[in-house]
Amino acid sequence: KLLDQLRDADGCVWALGISQTKVSADEYVKITKDYTLAAARSFATLRSSPSSSSDGDAKQQQQQQQQQKPFRFIYVSGEGATQTPGRFSAIFARVKGETEQALADLTRELPASLQADSVRPAFVDPSRHDAIKPYIPDPGMLYRVGMVPLGPLIRNAFRGMHWPTEQLGTFLTQMATGKLDGKLEGPGAFKLGPSWVIENVGLRRVMG
(Lines give C-alpha, C1' and ligand atoms only; values in the text may rest on other atoms or scores of the structure.)
Protein backbone atom coordinates (compact mmCIF):
# COMPACT_ATOMS: atom_id res chain seq x y z
CA LYS A 1 0.00 0.00 0.00
CA LEU A 2 1.11 3.57 -0.66
CA LEU A 3 0.64 4.58 2.97
CA ASP A 4 2.93 1.77 4.09
CA GLN A 5 5.61 2.97 1.66
CA LEU A 6 5.36 6.51 3.03
CA ARG A 7 5.31 5.57 6.71
CA ASP A 8 8.89 6.70 7.33
CA ALA A 9 8.72 9.67 4.95
CA ASP A 10 8.77 13.31 6.01
CA GLY A 11 6.61 14.53 3.14
CA CYS A 12 5.24 14.16 -0.36
CA VAL A 13 5.25 16.28 -3.51
CA TRP A 14 1.80 15.93 -5.09
CA ALA A 15 2.06 16.63 -8.82
CA LEU A 16 -0.89 14.61 -10.09
CA GLY A 17 -2.90 16.53 -12.64
CA ILE A 18 -4.29 16.80 -16.14
CA SER A 19 -5.04 19.52 -18.67
CA GLN A 20 -8.53 20.99 -18.43
CA THR A 21 -8.81 20.49 -22.20
CA LYS A 22 -8.56 16.70 -21.96
CA VAL A 23 -11.46 15.89 -19.62
CA SER A 24 -14.90 17.13 -18.65
CA ALA A 25 -15.30 19.80 -15.98
CA ASP A 26 -16.49 17.23 -13.43
CA GLU A 27 -13.58 14.92 -14.16
CA TYR A 28 -11.15 17.83 -13.91
CA VAL A 29 -12.46 18.70 -10.45
CA LYS A 30 -12.19 15.08 -9.36
CA ILE A 31 -8.57 14.72 -10.50
CA THR A 32 -7.37 18.17 -9.49
CA LYS A 33 -9.20 18.77 -6.23
CA ASP A 34 -10.88 15.63 -4.90
CA TYR A 35 -7.90 13.29 -5.36
CA THR A 36 -5.56 15.87 -3.84
CA LEU A 37 -7.63 16.38 -0.71
CA ALA A 38 -8.19 12.66 -0.25
CA ALA A 39 -4.44 12.05 -0.47
CA ALA A 40 -3.57 14.83 1.98
CA ARG A 41 -6.11 13.59 4.51
CA SER A 42 -4.83 10.01 4.16
CA PHE A 43 -1.19 11.04 4.53
CA ALA A 44 -2.06 12.95 7.70
CA THR A 45 -2.92 9.60 9.33
CA LEU A 46 0.79 8.73 9.15
CA ARG A 47 1.27 11.07 12.09
CA SER A 48 -0.88 9.14 14.53
CA SER A 49 0.55 8.68 17.99
CA PRO A 50 3.34 6.06 18.02
CA SER A 51 3.22 3.10 20.34
CA SER A 52 5.28 3.27 23.53
CA SER A 53 8.77 1.77 23.43
CA SER A 54 11.73 1.13 25.69
CA ASP A 55 14.39 3.81 26.11
CA GLY A 56 16.94 1.56 24.47
CA ASP A 57 15.05 1.11 21.20
CA ALA A 58 16.73 3.70 18.96
CA LYS A 59 14.49 3.01 15.98
CA GLN A 60 11.34 3.48 18.03
CA GLN A 61 12.74 6.71 19.49
CA GLN A 62 13.46 8.01 16.01
CA GLN A 63 9.94 7.14 14.93
CA GLN A 64 8.53 8.95 17.94
CA GLN A 65 10.56 12.07 17.11
CA GLN A 66 9.32 11.90 13.53
CA GLN A 67 5.73 11.58 14.70
CA GLN A 68 6.07 14.91 16.51
CA LYS A 69 6.43 16.72 13.16
CA PRO A 70 3.46 17.12 10.79
CA PHE A 71 3.61 15.35 7.46
CA ARG A 72 4.52 17.84 4.73
CA PHE A 73 2.28 17.83 1.67
CA ILE A 74 3.50 20.02 -1.22
CA TYR A 75 0.79 20.61 -3.80
CA VAL A 76 1.97 21.53 -7.30
CA SER A 77 -0.65 24.07 -8.31
CA GLY A 78 -0.03 26.49 -11.17
CA GLU A 79 0.57 30.13 -11.97
CA GLY A 80 -2.82 31.80 -12.37
CA ALA A 81 -4.55 29.89 -9.59
CA THR A 82 -6.69 32.20 -7.50
CA GLN A 83 -8.98 32.30 -4.47
CA THR A 84 -10.90 35.21 -6.04
CA PRO A 85 -11.89 34.05 -9.53
CA GLY A 86 -13.69 36.43 -11.83
CA ARG A 87 -16.52 35.78 -14.20
CA PHE A 88 -14.14 34.81 -17.01
CA SER A 89 -11.53 32.94 -14.97
CA ALA A 90 -10.42 29.64 -16.48
CA ILE A 91 -11.59 26.48 -14.75
CA PHE A 92 -8.02 25.55 -13.83
CA ALA A 93 -7.52 28.88 -12.03
CA ARG A 94 -10.70 28.46 -10.00
CA VAL A 95 -10.29 24.75 -9.15
CA LYS A 96 -6.61 25.01 -8.25
CA GLY A 97 -7.38 28.04 -6.10
CA GLU A 98 -10.15 26.12 -4.35
CA THR A 99 -7.74 23.22 -3.78
CA GLU A 100 -5.13 25.51 -2.24
CA GLN A 101 -7.76 26.93 0.11
CA ALA A 102 -9.08 23.49 1.05
CA LEU A 103 -5.55 22.30 1.85
CA ALA A 104 -5.03 25.34 4.06
CA ASP A 105 -8.31 24.55 5.83
CA LEU A 106 -7.20 20.94 6.31
CA THR A 107 -3.88 22.10 7.75
CA ARG A 108 -5.78 24.29 10.20
CA GLU A 109 -7.97 21.32 11.12
CA LEU A 110 -5.05 18.90 11.59
CA PRO A 111 -2.07 21.07 12.62
CA ALA A 112 -0.20 18.30 14.42
CA SER A 113 -0.59 15.87 11.55
CA LEU A 114 -0.32 17.89 8.35
CA GLN A 115 1.42 20.90 6.85
CA ALA A 116 0.09 21.41 3.33
CA ASP A 117 1.61 24.13 1.16
CA SER A 118 1.12 25.05 -2.50
CA VAL A 119 3.55 25.98 -5.26
CA ARG A 120 2.59 27.76 -8.50
CA PRO A 121 5.15 27.18 -11.26
CA ALA A 122 4.50 28.69 -14.68
CA PHE A 123 5.94 27.02 -17.81
CA VAL A 124 7.26 23.64 -16.63
CA ASP A 125 9.82 22.43 -19.15
CA PRO A 126 11.17 18.84 -19.21
CA SER A 127 12.89 19.20 -22.60
CA ARG A 128 16.44 19.00 -21.20
CA HIS A 129 15.71 16.58 -18.36
CA ASP A 130 16.10 13.12 -19.90
CA ALA A 131 15.67 11.25 -16.61
CA ILE A 132 12.07 12.37 -16.23
CA LYS A 133 10.88 11.93 -19.80
CA PRO A 134 9.85 8.25 -19.51
CA TYR A 135 7.40 9.22 -16.74
CA ILE A 136 5.65 12.04 -18.63
CA PRO A 137 2.37 11.12 -20.37
CA ASP A 138 2.08 12.05 -24.03
CA PRO A 139 0.64 15.60 -24.03
CA GLY A 140 -0.88 15.13 -27.46
CA MET A 141 -0.06 16.23 -30.99
CA LEU A 142 -1.48 19.75 -30.56
CA TYR A 143 0.77 20.46 -27.59
CA ARG A 144 3.86 19.02 -29.27
CA VAL A 145 3.30 21.07 -32.40
CA GLY A 146 2.64 24.22 -30.39
CA MET A 147 5.82 23.83 -28.38
CA VAL A 148 8.00 23.89 -31.52
CA PRO A 149 7.74 27.71 -31.79
CA LEU A 150 6.64 28.51 -28.23
CA GLY A 151 9.23 26.50 -26.30
CA PRO A 152 12.31 28.43 -27.50
CA LEU A 153 10.40 31.72 -27.23
CA ILE A 154 9.53 31.15 -23.56
CA ARG A 155 12.99 29.81 -22.69
CA ASN A 156 14.72 32.87 -24.13
CA ALA A 157 12.32 35.82 -24.19
CA PHE A 158 10.19 35.00 -21.12
CA ARG A 159 12.74 33.42 -18.80
CA GLY A 160 10.83 34.62 -15.75
CA MET A 161 8.05 32.15 -16.63
CA HIS A 162 10.39 29.25 -17.42
CA TRP A 163 10.91 26.35 -15.01
CA PRO A 164 13.13 23.41 -16.04
CA THR A 165 11.86 20.30 -14.27
CA GLU A 166 15.23 19.46 -12.72
CA GLN A 167 15.46 22.79 -10.89
CA LEU A 168 11.78 22.72 -10.00
CA GLY A 169 12.19 19.24 -8.58
CA THR A 170 15.03 20.46 -6.39
CA PHE A 171 12.87 23.25 -4.98
CA LEU A 172 9.90 20.98 -4.32
CA THR A 173 12.06 18.33 -2.63
CA GLN A 174 13.75 20.90 -0.42
CA MET A 175 10.39 22.34 0.55
CA ALA A 176 8.98 18.89 1.35
CA THR A 177 11.94 18.08 3.59
CA GLY A 178 11.89 21.39 5.46
CA LYS A 179 15.15 22.70 4.04
CA LEU A 180 13.49 25.95 2.94
CA ASP A 181 11.93 26.74 6.30
CA GLY A 182 12.63 30.38 7.11
CA LYS A 183 13.56 31.19 3.51
CA LEU A 184 10.13 31.53 1.89
CA GLU A 185 8.92 34.90 3.13
CA GLY A 186 9.23 37.69 0.58
CA PRO A 187 7.87 38.78 -2.82
CA GLY A 188 5.91 36.08 -4.56
CA ALA A 189 5.00 34.17 -1.38
CA PHE A 190 2.04 34.59 0.93
CA LYS A 191 0.28 32.76 3.74
CA LEU A 192 -3.15 31.26 3.16
CA GLY A 193 -4.09 30.65 6.77
CA PRO A 194 -1.39 28.28 8.10
CA SER A 195 -0.22 27.31 4.60
CA TRP A 196 2.30 28.86 2.25
CA VAL A 197 1.48 29.64 -1.38
CA ILE A 198 4.62 30.20 -3.45
CA GLU A 199 4.04 31.89 -6.79
CA ASN A 200 6.34 31.64 -9.79
CA VAL A 201 8.24 34.82 -8.90
CA GLY A 202 8.71 33.49 -5.37
CA LEU A 203 10.15 30.25 -6.74
CA ARG A 204 12.74 32.19 -8.72
CA ARG A 205 13.57 34.42 -5.76
CA VAL A 206 14.17 31.54 -3.35
CA MET A 207 16.21 29.54 -5.89
CA GLY A 208 18.25 32.58 -6.89
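Atom set for the values below is all heavy atoms of this structure, side chains included, hydrogens, waters and symmetry mates excluded. Because the structure is predicted, anything quoted here is derived from the model rather than measured.
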Audit row: Asp117, Phe73, side chain to side chain contact (heavy atoms under 4.5 Å, CB included) steps and yes/no | CA-CA 6 Å; Asp117 301 302; Phe73 185 90; over 6 Å; no
Side chain to side chain contact (heavy atoms under 4.5 Å, CB included) evaluation trace for Phe171 with Ile198 | CA-CA 11 Å; Phe171 177 91; Ile198 312 300; 4.0 Å; yes
Side chain to side chain contact (heavy atoms under 4.5 Å, CB included) assessment of Tyr28 paired with Lys22 | CA-CA 9 Å; Tyr28 183 77; Lys22 290 188 174 184; over 6 Å; no
Going through the distances and angles, do Ile31 and Glu27 end up as a side chain to side chain contact (heavy atoms under 4.5 Å, CB included)?
-> CA-CA 6 Å; Ile31 294 170; Glu27 192 70 12; 4.0 Å; yes
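Atom SG of Cys12 sits about 11.5 Å away from atom CD of Gln5, to the nearest 0.5 Å. One finds the CH2 atom of Trp14 at 11.0 Å from the CG atom of Leu103 (value rounded to the nearest 0.5 Å). For the atom pair CD1 (Ile91) and CD (Glu98), the distance works out to 9.0 Å, reported to the nearest 0.5 Å. Here the OG1 atom belonging to Thr165 is positioned 7.5 Å from the CD atom belonging to Gln167, to the nearest 0.5 angstrom. In this structure, the separation between OG on Ser195 and CZ on Arg108 is 8.0 Å, given to the nearest 0.5 Å. With rounding to the nearest 0.5 Å, the separation of CZ in Phe92 from OG1 in Thr82 is 10.0 Å.
At least one donor-acceptor pair under 3.5 Å links the side chain of Thr107 to the backbone N or O of Ala116. Using modelled atom types, one side-chain atom of Ser89 and one backbone atom of Gly86 make a donor-acceptor pair closer than 3.5 Å. Under the 3.5 Å distance criterion, the side-chain polar atoms of Glu199 are left unmatched by any main-chain donor or acceptor of Ala189. Panel note: side chain Arg72, backbone Thr177; no donor-acceptor pair is recorded below 3.5 Å. Side chain of Arg205 to backbone of Asn200: no donor-acceptor contact under 3.5 angstrom is found.
The heavy-atom pair separating Arg47 from Pro70 by the smallest distance is NE-C, 3.9 Å. Of all heavy-atom pairs spanning Lys179 and Lys183, the tightest one is O-NZ, 3.8 Å. For the residue pair Ser113 and Ala44, the shortest heavy atom distance occurs at CB-O, 3.5 Å. Taking both residues in full, the closest heavy atoms of Asp130 and Pro134 are given as O-CD, 3.4 Å, listed atom of the first, atom of the second, then distance. The two atoms that bring Leu192 and Ala104 nearest to each other are O-CB, 3.1 Å, heavy atoms only. Considering every non-hydrogen atom in both Lys96 and Val76, the closest pair reads NZ-O, 4.2 Å.
Using a cutoff of 4.0 Å between basic side-chain nitrogens and carboxylate oxygens, Glu79 and Arg120 are not scored as salt-bridged.
In this structure the side chain of Arg204 never reaches within 4.5 angstrom of the side chain of Val201, judged on heavy atoms. Residues Leu168 and Leu172 meet the side-chain proximity criterion, which asks for heavy atoms closer than 4.5 Å.
Residue Val197 is not grouped with residue Leu37 when hydrophobic side chains (ILVMFWY) are merged at heavy-atom distances under 4.5 angstrom, including chains of intermediate members. Grouping the Ile, Leu, Val, Met, Phe, Trp and Tyr side chains by contacts below 4.5 angstrom, directly or via other members, places Phe190 apart from Tyr75.
Looking at Ser77 and Glu100, their side chains do bring a donor and an acceptor atom within 3.5 Å of each other.
Residue-environment remark: CD (Gln83) exceeds the threshold of 12 foreign heavy atoms within 6.0 Å.
Ring geometry for Phe43 against Phe71 counts as tilted: the plane angle lies between 30° and 60°, on a 0 to 90° scale.
Across Asp181, Leu180, Thr170, a single residue satisfies side-chain contact (heavy atoms from CB on, under 4.5 Å) together with Met175, and that is Leu180.
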